Amino acid sequence: MSSVSFRYIFGIPPLILVLLPVASSDCEIEGKSGEEYQHVIMVSLNDLDRIRENDSNCLNNEPNFFKKHSCDDDKEATFLKTAARKLKQFLKMNIHEEFKLHLSIVSQGTLKLLNCTRKEEKKSSKGQKKQDEMCFLMILLEKIKTCWNKILSGTKEH
Amino acid sequence: MLKRPLLLRFLLFLQLPLLGMGLNPTVLKPIGNEDITADHHFFSFPLPLHFLPNLEVQCFVFNVEYINCTWNSSSEPQPTNLTLHYWYKNSGHNIQECGHYLYSSEITSGCWLGKEEINLYQTFFVQLQDPQEPRRKTKKELRLQDLVIPWAPKNLTLHNLSESQIELRWSNTYLDHCLEHLVQYRSDRDHSWTEQSVDQRRSFSLPSVDGRKLYTFRVRSRHNPLCGSAQHWSEWSHPIHWGSHTSKESIEPPSLFALEAVLIPLGSMGLIISLICVYCWLERTMPRIPTLKSLEDLVTEYHGNFSAWSGVSKGLAESLQPDYSERLCHVSEIPPKGVALGEGPGGSPCSHHSPYGAPPCYTLKPEP
């Protein structure tokens, strides 16, 4: 019995301590002045907004992705990294070249600005209805912009 | 004996959440297309069978100090006290009713939310509902970071950078790096404002100014683009002036104004009065031009007395009398040769009173 309690009490906490670095962000968000965002990423986000303005036939339902990933306090960088990687999947869609270019700028620009060190495995996606993918993409871009606004304001939500 | 394993298991369960923090769900669970699959809101609204189509609720975040949501109840055919509920998307659907309504004509027309209710970067939902008919409602989804309206800039000051260059500075009560600014300036000789956009810096310099002109500056701010994409600007700041009052629009001294206010009216009245007096004098002194109608009066009333009838005064009539006399001189033709000079049969006696000597008088003798 004492060996069991010894394992539970003294074995698991060190394991947690080892795994804690995994929980911390490998990206940098502190000290961002916003110039790179304003002159590069924001320009492409606004152009994407302008291009997709006429296409707003989306239902007001939130995809599951955003239930798992959100720009909460202390998770902004993690969310942006995930969202930027997700954007890359849409580069394979059959969409206008100008649209793809701006998507690429937002995705690559975000990752470069965050200077994330860890690389993740690429995930492949099955085919979905184009309209669903476009609606998801629009929501994703909106969330990315909001998260950047939050980071650059330097405020914490309560 | 059984309690100890239970206690140990309880400790283990407590530690599992800590263990879960270190695990990235993206590693354990592959992200598939189920992420794109739509999921209905927990508190989703059915397709509205009765809604408030003409009602538009507008919300603005004033300097991130409070939110004002307003609607126009009078647009409804039967205005009622509508209720407002609000919540944030990730707040566990913690729906709250407005705690501070605004009224217009004793009917709810808005809602005031304090600073503690503001989460700029979470999706904000607001719903208007008719409490008497709960199925009549309208819902709106808002991005509060795009609805921020900061207070107007203040503490405007001007500084001389050089002889001809001045710098305008101001301050804002909200986060400086979140705001962009618009500066307007003009001189007293300009008819319109000149505009200049300014980024997050709180200063603007004008490289070349004319010291003889009077300049006016004003500034307004907007929550854009780093921390939000707001479209509405703040109010204009109080204007600030620089320069000299040497223009034509300079203010007159009060004594000159009073002088002009007195002299001009008095002078005008005097001129009019003098003109009236002259007219009256002329009316009295100048005779009337007789009309044809009054010619009868000359005979019947005035018995031929022309001066009395015409209205000419006696003195004026006498003055018009000639005061000189002249000798009459009869003139006849010069007779041809042979005609003796002498008194002619029909000739009138020659007057010998002419200062030039007696004029020759000629008579016509008949020919033999």
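The basis for the numbers below is simple: all heavy atoms, side chains too, and nothing from hydrogens, waters or symmetry mates. Note that this is a predicted model, so its numbers are computed, not measured.
Environment of CD in B/Glu235: sparse, with no more than 12 heavy atoms of neighbouring residues, nucleotides or ligands closer than 6.0 Å. Atom NE2 of A/His96 has 12 or fewer heavy atoms from other residues, nucleotides or ligands within 6.0 Å.
Residues A/Lys143 and B/Thr123 come closest through the heavy atom pair NZ-OG1, 4.1 Å.
In this structure, B/Leu144 CG and A/Asn149 CG are separated by 12.0 Å, a value rounded to the nearest 0.5 Å. Note that CG of B/Leu120 and OG1 of A/Thr146 are 10.5 Å apart. Values are rounded to the nearest 0.5 Å.
Using a 4.5 Å cut-off on side-chain heavy atoms (C-beta onward), B/Tyr121 and A/Ser153 make contact. With a 4.5 Å cut-off on side-chain heavy atoms, A/Lys150 and B/Gln145 do not count as touching. Between A/Gln38 and B/Leu226 the shortest side-chain heavy-atom distance falls below 4.5 Å.
Using modelled atom types and a 3.5 Å distance limit, the side chains of A/Lys145 and B/Ser229 yield a donor-acceptor pair.
Side-chain atoms of B/His177 never come within 3.5 Å of backbone atoms of A/Gly34 as a donor-acceptor pair (strictly under, hydrogens ignored).
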